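A short worksheet on the structure shown next.
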Amino acid sequence: MVQSIFNATKLVNIYAYLGDVLLSRETFDQIPRKDTYTWNSMLSSYVRNGYYREAVNCVNEMLLASNVQPDFYTFPPVLKACRTIHDGTRLHCWVVKMGFQWDVFVAASLVHMYCRFGSFDIALKLFKDMPTRDMGCWNAVISGFCQNGNANETLSVVDDMRLEGVDMDAVTISSILPICAQKDDILHGMLIHLYVIKHGLEFDVFVSNAFIFMYAKFGKLECAQRIFDQMVVRDLVSWNSIIAVYEQNDCPHDALMFFYEMLGNKFQPDVLTLVSLASTIAQTRDSLSGKSIHGFSIRRCWIMEDTIIGNAVVDMYAKIGALDPARKVFEELSCKDVISWNTMITGYAQNGLADAAIEVYRMMKDCEDFTPNQGTWVSILPAYAHIGALIDGMRIHGQVLKVGIDTDVFLGTCLVDLYGKCGRLGDAMFMFYEVPRVSPVPWNVIISCHGLHGHGENCMQLFRDMLDEGVMPDHVTFLSLLSACSHSGLVDQGKWCFDVMQHNYGMKPTLKHYGCMVDLFGRAGQLDVAYNFIERMPMRPDASVWGALLGACRTHGNVELGKKVSDRLFEVDSENVGYYVLMSNLYAKFGRWERVDEVRSLARDRGLRKTPGWSSIDLHSRIEVFYTGNRTHSQHEEIYKELAILNAKMKSLGYTPDYNFVLQDVEDDEKENILTSHSERLAIMYGILNTPPRTPIRIYKNLRVCGDCHNVTKFISKIMEREIIVRDSNRFHHFKDGICSCGDYW
DNA sequence: TTAGGGTTAG
């Protein structure tokens, strides 16, 4: 039995301090004659533990009770609750009525609350009208602006404060450092660091934590680490920050090391630790750890309560490539926000599953609760670009223009990519000149678009323009350039780029760069050069490098080298069906059917199935897909009939079918039928039948276009007087008047 | 430790 109100109230406070609000309330309820001190304690118990709604209800109860009067301790904590639940005007009236408006603690709480509501006029008026201001009042308005992301207003208040001769304290510093990080203002950040040292504030935990975060944003890992090392006392935020430093700067193993060290120091991870950890695991692609993180957040019930951790887990699974678990977590999120949808769409798009990305985007649009934003468009546009859905992509462009954010560098770059990949180079160039071009990314995209169209010389010119504008190329720039040179037969320029990246920019080529070089030599028929190049590589060639050479052996018909290369290739990758197909194609070209069977049965024994070839066409906002030999389409009879008529016309103009591209050992008549039913021809004929004369036809083929279809498309473009743009898995083929823009080099 | 203003995330 507790002896006095005073002691009973002490217990309310102790339970609050220990985080047990229920026990705190139980004790409070048992006190028969509660005084102001008792009520104030209960209120702060709620607020301290995040029970904001309850705090507001409790203060209403108190204000209506006749036997007790609030004092200047009553309002500050409740106003803190009000700003979080966005409901404080009524309480402000009470404050005024009771005459506590100009108590410095109360006034500071009011100012901060109105800043957080975004009602800056009210906040500033209150601030200016205060009869006395202390440090807390200045900080209330400064942090209020900061937390609403109003960087410029914040800095102007800081200037006013210093003009009045008031020095910044630790609270001011830790409020404004995130603004320096947000504005990428290294100079001010470092000046503040000097100020902190001069004023002896460097041992404040909040200040140190804010510096760790700021230096991490600037990419200055050593500075962040030095501050962390010098800290005398570290809290959970310090550990979370140092983990995030390494996670955000692509050093997942260091991030994990600090996580284990944190556990060793007896700190329990919180939601924020888990969010960083999920991103870390996504980088290491360790699916087992991914499952542990997911399990941990389920056991703590965080995934149910916190959308951010849910989104982080969806993102983690998607980055690991585990789309089914990602989708399951996404479906089960109790509260989805726009970012949840964007994460799921990006997950599918980045794993090449454009159809699934589009399906999720449609579901999102059907939900009236969510309005697509910049993030949504940045995630869906690459999916449309991937499948060549120009009309859908243009619809997004329309929405972007309506909102007026078409010069956003991320969106602009996605639009450049869309137009480039959909065969509209002119529109891509137009968009490119609309976006800011200080980062190499838009340059890389436009160079890669020109490369896909076989315009190698344009790519070299763009590269020169980029350097003239003072933009630093990165690894991707050189990949785009090398690939462009390779598709355009610019062997010397390709060699020059490879040399420049190493000697002028000090970049070490990656496997991908080596792969491009092999492709460059291989396509140009310099098979021995390519082979010797691989032999001299300073790292172990992977399947893509050998695969590039095997493709060249197929194009240039070198069976002996092809055999040698495929042996090396299957040593490093025996699971990729594409390489078996390439090898069997090579044997088929020379009629070595026994070898063809051998390679095919090898692939079969390993449980590999050939990817079926298909082509698609985007007509009247509907994507029609044709598989090779398709006879189920509603117009298939008409399509085949027209193709037969076309065949006869082509032959009169000198066309002879190239049976090298038939991979079955059958009679010539049958070989001709097989060629006629290739998916790209079905899609082109469908386009011709369903669009007005002379309109261009754009189709997409999931594999590489076969040589015979390439030849036939030239004839079709002449006979039918159509411009035909075919995008395959490799590049663009632009046919007009019987000629292909690639000059038959691809 | 009955009160205001501070740091970290998808």
Side-chain angles (χ1 to χ4, degrees), chain A residues 6 9-18 35-45 47-48 70-80 83 100 103-113 115-116 133-147 168-178 181 201 204-214 216-217 224 234-245 247-248 270-279 282 306-316 318-319 333 337-340 342-344 346 375:
Chain A
F6 181 79
T9 307
K10 270 272 174 255
L11 259 185
V12 172
N13 291 327
I14 289 169
Y15 290 134
Y17 185 62
L18 295 174
D35 60 9
T36 305
Y37 171 48
T38 317
W39 281 96
N40 289 349
S41 298
M42 191 60 235
L43 288 172
S44 39
S45 170
V47 177
R48 177 193 290 279
D71 64 8
F72 46 74
Y73 282 109
T74 309
F75 295 104
V78 193
L79 286 167
K80 194 175 182 176
R83 75 173 180 233
F100 292 112
D103 174 89
V104 272
F105 279 50
V106 177
S109 306
L110 282 169
V111 167
H112 191 91
M113 181 183 79
C115 283
R116 294 286 290 274
R133 287 186 205 128
D134 67 355
M135 212 46 230
C137 299
W138 282 103
N139 287 334
V141 69
I142 291 168
S143 69
F145 278 132
C146 285
Q147 288 167 11
M168 301 189 286
D169 69 355
V171 177
T172 329
I173 305 284
S174 41
S175 302
I176 60 175
L177 284 181
L201 300 171
D204 183 279
V205 179
F206 282 77
V207 169
S208 302
N209 291 344
F211 270 124
I212 293 175
F213 171 74
M214 183 193 78
K217 278 273 172 236
R234 299 186 185 115
D235 64 3
L236 184 57
V237 178
S238 324
W239 286 100
N240 284 349
S241 303
I242 197 75
I243 292 169
V245 165
E247 175 264 307
Q248 286 170 7
D270 69 353
V271 173
L272 271 68
T273 325
L274 265 265
V275 170
S276 289
L277 222 48
S279 305
D306 191 314
T307 308
I308 293 181
I309 182 79
N311 294 346
V313 172
V314 173
D315 187 52
M316 176 190 74
K319 290 218 170 86
L333 286 178
D337 63 8
V338 181
I339 297 179
S340 319
N342 297 354
T343 308
M344 197 63 242
T346 310

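In this text the structure is predicted, and so the values were computed from the model without any measurement. Note on naming: letters A, B, ... go to the chains in the order of the sequence lines (proteins, then strands), and numbering restarts at 1 for each one.
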Quick one: is A:Q147 getting a side-chain N or O under 4.0 Å of the B:dT7 phosphate, OP1 or OP2?
-> yes

Here the distance between atom P of B:dG6 and atom CZ of A:F105, to the nearest Å, is 13 Å

Go through B:dG4, B:dT7, B:dT1 for me and flag the one nearest to the A:V237 side chain.
-> B:dT7

Got A:N342 and A:V338 here, is their nearest side-chain heavy-atom distance under 4.5 Å?
-> yes

Separation of atom CD in A:Q248 from atom P in B:dT8, rounded to whole Å | 11 Å

Give one of base, sugar-phosphate or nothing for A:C137, where a contact means two heavy atoms less than 4.0 Å apart.
-> base

Looking for any heavy atom pair under 4.0 Å, which part of the strands does A:A170 touch: base, sugar-phosphate only, or nothing?
-> base

Ring centroids of A:Y73 and B:dA3 base under 5.5 Å with planes under 30° | no

Only counting residues at least two apart or in another chain, list the ones meeting ring pair (Phe, Tyr, Trp, His ring centres under 6.0 Å) with A:F72.
-> none

So does A:K80 get a side-chain nitrogen or oxygen closer than 4.0 Å to the phosphate oxygens (OP1/OP2) of B:dG5?
-> yes

In whole angstroms, how far is the C1' atom of B:dT2 from the CD1 atom of A:I14?
-> 13 Å

Of all the choices, B:dA3, B:dT2, B:dG6, which nucleotide is nearest to the side chain of A:F72 once you look at every atom?
-> B:dA3

Please determine, for the side chain of A:N240, which listed nucleotide (B:dG4, B:dT1, B:dT8) has the closest atom?
-> B:dT8

Can you tell if the side chain of A:P70 reaches within under 4.5 Å of the side chain of A:F75, non-hydrogen atoms only?
-> yes

From the list B:dA3, B:dG6, B:dA9, which nucleotide is the closest neighbour of the side chain of A:V207?
-> B:dG6

Indicate yes or no: at least one non-hydrogen side-chain atom of A:V12 is less than 4.5 angstrom from one of A:Y37.
-> no

Ignoring hydrogens and angles, answer whether the base of B:dG5 and the side-chain atoms of A:D134 contain a donor-acceptor pair closer than 3.5 Å.
-> no

Is A:Y37 touching bases, backbone alone, or none of the nucleic acid, heavy atoms closer than 4.0 Å?
-> base

Between the side chains of A:D235 and A:N209, does any donor sit under 3.5 Å from an acceptor?
-> yes

Return the nearest nucleotide to the side chain of A:S143; candidates are B:dT7, B:dG6, B:dA3.
-> B:dG6

Using atom P of each nucleotide, how far apart are B:dT1 and B:dG5 to the nearest Å?
-> 14 Å

Give the intermediate values and the outcome of side chain to side chain contact (heavy atoms under 4.5 Å, CB included) for residues A:V141 and A:F145.
-> CA-CA 6 Å; A:V141 69; A:F145 278 132; 3.8 Å; yes

Answer with base, sugar-phosphate or nothing: what part of the nucleic acid does A:R116 contact at a heavy-atom distance below 4.0 Å?
-> nothing

Candidate nucleotides B:dA9, B:dG4, B:dT2, ranked by approach to the side chain of A:P76 - the nearest = B:dG4

Which of these nucleotides, B:dT2, B:dT8, B:dT7, is closest to any side-chain atom of A:F206?
-> B:dT7

Counting heavy atoms from C-beta on, name the nucleotide in B:dA3, B:dG5, B:dG4 closest to the side chain of A:N139.
-> B:dG5

Ignoring the backbone of A:D306, work out which of B:dA9, B:dG5, B:dT2 is nearest its side chain.
-> B:dA9

Rounded to the nearest angstrom, tell me the gap between atom CG in A:D235 and atom C1' in B:dT7.
-> 8 Å

Which is true for A:D270 with a 4.0 Å heavy-atom rule: it touches a base, it touches only sugar-phosphate, or it touches nothing?
-> nothing

Out of B:dT2, B:dG5, B:dG4, which has the shortest distance to the side chain of A:N13?
-> B:dT2

Would you state whether a donor and an acceptor, one from the side chain of A:S109 and one from the base of B:dG4, lie under 3.5 Å apart?
-> no

Look at all strands and tell whether A:S276 reaches a base, only sugar-phosphate, or nothing, counting heavy atoms closer than 4.0 Å.
-> nothing

Heavy-atom donor-acceptor pair, A:D169 side-chain to B:dG5 base, under 3.5 Å | yes

Could you tell me whether the phosphate oxygens of B:dT7, OP1 or OP2, come under 4.0 Å of any side-chain nitrogen or oxygen in A:S241?
-> no

If you look at every strand shown and take non-hydrogen atoms under 4.0 Å, does A:T307 touch a base, only sugar-phosphate, or nothing?
-> base

Assess whether one donor atom and one acceptor atom, taken from the side chain of A:D204 and the base of B:dG6, lie less than 3.5 Å apart.
-> yes

For A:V205, answer base if it contacts any base atom (sugar-phosphate contacts may also be present), sugar-phosphate if it contacts only those atoms, and nothing otherwise; contact means non-hydrogen atoms under 4.0 Å.
-> nothing

pair A:D270-A:N240: side-chain heavy atoms closer than 4.5 Å = yes

When we call it a touch if two heavy atoms are under 4.0 Å apart, what does A:M316 touch: a base, just sugar-phosphate, or nothing?
-> nothing

